[in-house]
Amino acid sequence: MQMLLFNMVVLILVTPILLLIYANKEPLIQYTSQDVFNGINFFIGLFILISFLLFVTTMLTYVERRLVARMQNRIGPNRVGPFGVLQGFADLIKLITKEDLIPTLANRNIFSLAPILIMSPVLLMFAVIPILPGFTIADLDIGIFYVVAITSLGSLGVFAAGWASNSKYSLYGAVRGVAQLVSYEVPLVLSICTIVLLSGSLNLIEIAEAQEIPFILVQPVAFLIILFSVAAELNRTPFDINEADSEIVAGFHTEYSGTKFALIYGTEYLAAFGWSLVIAILFFGHLGPGIGGFLMLMAKTSIILFLFFWFRGTWPRVRIDQILAIAWKIMFPLATINIIITAGEILFVQSIFNINPGNALGLQPLAIITIINIILFAGLLVILSFVKGLGQFDKGPKRYVPDIEGVN
Amino acid sequence: MAETAKYWGVLFMALAAFLVPTSLIFLSHIFSKIRIRPKPDSEKNVSRGAPYESGMTPVGTARVKFNFRFYLFALLFLIFDVEVLFIFPWAARFLHLGFEAYVAMLPFLMLVLIGFLYEWKKEALEWK
Amino acid sequence: MTLELSRQYVVSLLTKHFEDVIDLDTEKHLYIKAENLHDVCLIFKDEPEFKMDMLRYLDCVDYIDHFELRYALLSLSNNQSLTFKVRLWGRDDPEVASVVDVWEGANLQEREIYDLMGIGFINHPNMKRIFLWEGFPGHPLRKDFL
Amino acid sequence: MRIFGLGAIKGLVVTLKYLFRPPFTTQYPENKLDISPRFRGNNFVWYEERCTGCSSCAKACPLGIIRIVTHPESHQQVGNDYKIDVFEIDTGRCMFCALCVEACPYDALHMGGDFEKADYVREDLVITTDQLREGTKKPQTQFRPQLEDIGYQGEEELDEHEAGRWSL
Amino acid sequence: MSQGNESMNESEKNIGGTESVLLNLGPQHPSTHGVFRLRTLLDGEEVVDVEPILGYLHRGSSKLAEERSYTQIITLTDRLDYLAGMSNNLAYISALEKLTDVEPPERARYLRVIMVELMRIASHLMGIGFLINDLGAWITPLMHMFREREKILDLFEMVCGARITFSYMRLGGVSHDLPEGFEKSIAEFLDDFEKKIEEYENLLLGNEIILSRMVGVAPLAGERAINCSITGPNLRASGVDWDLRKQDPYEIYDQLDFSVPLGENGDNWDRMVVRIEEMKESVHILRQCMDKLPQGPYRADTDFFVRPPEGEAYGMVEAPKGELGFYLVSDGSIAPYRMGIRSPSFINLTVLRELCVGWKLADIIVNFGTLDINVGEVDR
């Protein structure tokens, strides 16, 4: 827990710098095309944002190691700096100064390009995310759609990395990665659609402001689907098959070392941070104003991040065919039916509360939808408990009654 | 405020997002040229540049005609992702559109689901 | 307790099926003729008096002039065990029938004996070295190795 | 009926609990585990006064790493007594099985409790006669029940009169 | 049937238009539990053929034993299954005692059983821990199990001064009596460990992911297991009630009350659960032993360089991994003429190919993990 707090503290440290520059400035979204070229502030902001992201990435590697270590009854890295906080930076320095090794038979250009292909989309994703209220690189009206579109490019990099390495382990990682990333795209996007339905907008800020009741209560099913889809997109446990270390060593980045590995490794955490931010915005209610809003957002993000770390510290991995079965046989139909039901519910509350078309749903309508959805969610859990063939979940631990007399 | 102006921000972000990893790789490339110690003998070793295969010399190439069962899943993704694309604008405007839009979308979603069930029945979703 | 079948009992039962399989019948051990090994093993496995369903352990000792294979059998259903031996004369490529088709458990054990003792097992499905690499000179557990 | 997902959540609860418990591990160089008095460390305690040079230890050693050179010349120990010129133990190959300690009839050789004796050169791992003579005399109670009987915990130094079963 | 080269060559070519991939899992692989190599032929994700290739850790214990005295061999046996050194010691000593007709005193028998059962817990902890690690849990269960094993090793250190390479058993007894305070420590450990087993069950047994990965995967029928000479928990998981401690009691097991947990299908799940249940039984046995522990000598008077009469003996115990047997041939000298080792890990490998073929790449690792191989014992 102290690590969670520590994570928060570190994030707070950066905030004043951001605020200093943007406290009395108008938000960037008001720049016109000419302003962008004239406004040097934009570039400073961009620089700060990217430094902030890289800083968070490095810290997250440390935070995860500490947290999971504590779950494992260990201490975790505690040598570099106070409590070991500089561990991530030490790793980074070590990795950057390592030799740039490219396998002889690898496709050199693609091999070098792949880490860039993996990292760029994830960095690009932050262009629309309102980390600080009013501060976005581009407050696009299609915000969430942009996020989905940009991040799906990541699978390209994964496949490029795996294929260019010319190693069998990498090949397996790449192929698995593509199948998995591609499969989880569909339920993820469908579930985002339900959120869009409720808020009536694709803009991230507008979605956040539409949440009179946090959408995690309104849409628990969508939340779970998005949570696990994102875990799959991020290659995190229980869906980390494309870098399954006990099976295919390191998956698509088996051959990578040095800076390129650092990029791939860091991107995992950067993407985790980005997606956690998105989930926090989509599901955890309003964005507050000013520094308080920033802290609240970071706290919400930390919860999601902690969930990912927690899963990793507890659960094993799911097999490839099971992963695809979960995506297609459970999540996809659930998400589709969820859309139909949600749309029906919206029509229902619009008619009983006489809401004009185009107006946002108020508190009471959302409350009714919440109640219905929670009941449905409970029912779903019960139904799933009875379904066989999802890997025979009905067979629990049993006590064997040993038969001592009879042999064989 | 022009909507297009915002995309300039995205463009610069894209440039930055491309430059950050590129410069890091370039930087390490420069570092790798600086040699403090002479080239060790191990660097002339052939197996140094060989792909990893648990310490064994790899048999054959990794560029094989892979049994790509995932191909089916990729195709499925194509089909359904395009359909999802149709849902997005509808969902964004749904609060404005009301009952007629629901009635219009329902058959479409049903078609998607029926198609999905058909594929399930045809065992396109099974591993074998 | 697992019952160790007595030598006389085994001999008396074996002579029902075969006439001349006993190579040597000492006080302590029972020696089966190498050429009858496979048939005898089948009897040991299938006859209800024996019903030796597991090959517990297969080992080989090098006595310079001959090799002794020791078959330790175990019957889980009758809870009894049985041990017999086979002598192989000569040092250059001694051979004996494999019992892998009777007890699959002999598979790796026979390969190990082939590797370290140099005894060939006829009809073994995969008769090659197991611990040492192909082309290793000699068989290390023989007494004349080094 | 088992509610779907409950089992996975149970596991999560277990790991969450451990987040708030103190870690089990010890930070090695700062904190050290308490070793038991019988612990077989990687040094030896040798009492030259008790040693007769009988080479029982060298005979008992499975690896033959104890080297003893003697010449007949009486000194204080009773019995067939030799003067010891060389008594060396090559701990680079030693596996610390304590068979030599068990074999010593005069309680001259004891296991030591040290475990921080790494070195860069293999030759330095050989404990020479001088090192054995001058080393700290903190014997472990491995195969020395008389030390346990007096409540010795392997912490203080013992001289040759205290360490053996028989006084000299 | 075959461990097959010929089958491999045939299938290497083409399967339904796609090429199969020949992948070496090991020797330098994170989850082969040592230096072990699995030459696998894969069709996409599916396993066409598996061939275990051994010998990377072969130290020639049998040959080394031929030039060491009987007591010195005890140090060799520690290093066979380095996760269960006590069991190896006991197996060797039981063979040696059969050879020399030495009767250990009663207290020694109890001490041996205490040590061996502690060792069984430690070995099973490692087996399950690494298995779950292979399943992909980020070493959390493994670390929790390491922690408990660490406590057991502390107990061993109290008794015999070493944590892995014990060399504790001696001909006609054990090398040390229990130290002061051991009773208290072991009682504390057992009380704590029972709670920890509950925790493991919460962590592992209910988890839907583990269930879906293990239930019904790679089943092994009882008859097949017997025919392949499988012993130990793997055999019992297949539903065969065969435990040397029950069926052929050695030491004092006939005076103890315990049950033998059995599985049903012999799938991965059963193999794991049987091990957990066995740990509980071991706790039960340990409690009884500590209650009944008689006073008296702990070691018979024997020579260091013992010269057994000419003859041979086969002594075996139910080691954590299966039936561990030592076959000693004596020619009357101080060193055995031949020492054969029936190592359960090695013989259990017989079914590996059968278990893996037809399942996925990820299942190979799990099947391999549930077989609970220790490479030190395979390659001895």
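Below, all heavy atoms of this structure are taken into account, side chains as well, without hydrogens, waters or symmetry copies.
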* Quick one: do C:Asp59 and E:Arg338 make a salt bridge, cutoff under 4.0 Å? -> yes
* To do: Counting only heavy atoms closer than 4.5 Å, note whether C:His124 contacts chain E via side chain, backbone, both or neither.
  => neither
* Shortest non-hydrogen contact from E:Cys228 to C:Glu104? -> SG-CG, 3.3 Å
* Asked: Yes or no on ring pair (Phe, Tyr, Trp, His ring centres under 6.0 Å) for E:Tyr56 and C:Phe131, after CA distance, side-chain angles and deciding distance?
  -> CA-CA 8 Å; E:Tyr56 292 94; C:Phe131 289 132; over 10 Å; no
* To do: List the atom of C:Asp53, the atom of E:Ile226, and the distance in Å for their closest heavy-atom pair.
  => O-CG2, 3.3 Å
* Under 4.5 Å from a heavy atom of chain E, the part of C:Ile130 involved -> both
* Selection from C:Asp62, C:Asp115, C:Leu58 maximising heavy-atom pairs under 4.5 Å formed with chain E -> C:Asp62
* Asked: How long is the gap from CZ on C:Arg56 to CD on E:Glu323, to the nearest 0.5 Å?
  -> 4.0 Å
* Counting only heavy atoms closer than 4.5 Å, note whether C:Arg129 contacts chain E via side chain, backbone, both or neither. => neither
* Between CD of C:Glu4 and OH of E:Tyr314, what distance do you get to the nearest 0.5 Å? -> 11.5 Å
* **Proximity breakdown for E:Ile230 and chain C, heavy-atom pairs closer than 4.5 Å** => backbone
* To do: With rounding to the nearest 0.5 Å, note down the distance linking CG in C:Leu74 to CG in E:Leu244.
  => 8.0 Å
* **Residue E:Leu235 versus chain C: region with a heavy atom under 4.5 Å** => side chain
* To do: Describe, in one word, how the ring planes of C:Tyr57 and E:Tyr327 are oriented to each other, choosing from parallel (under 30°), tilted (30 to 60°) and perpendicular (over 60°).
  => perpendicular
* Asked: Is it the side chain or the backbone of E:Arg380 that comes within 4.5 Å of chain C heavy atoms, both, or neither?
  -> side chain
* To do: Using ring pair (Phe, Tyr, Trp, His ring centres under 6.0 Å) as the criterion, list what pairs up with C:Tyr63, not counting sequence neighbours.
  => C:His66, E:Tyr337
* Among the options E:Met316, E:Glu312, E:Glu66, pick out the one with the most heavy-atom pairs lying under 4.5 Å from chain C. => E:Glu312
* Asked: Going from CE on C:Met117 to OG on E:Ser62, what distance comes out if it is rounded to the nearest 0.5 angstrom?
  -> 8.0 Å
* Going by heavy atoms in the side chains, are C:Lys45 and E:Asn227 under 4.5 Å from each other? -> yes
* To do: Using atom types as modelled and distance alone, determine if a side-chain donor or acceptor of E:Ser229 lies under 3.5 Å from a backbone N or O of C:Met54.
  => no
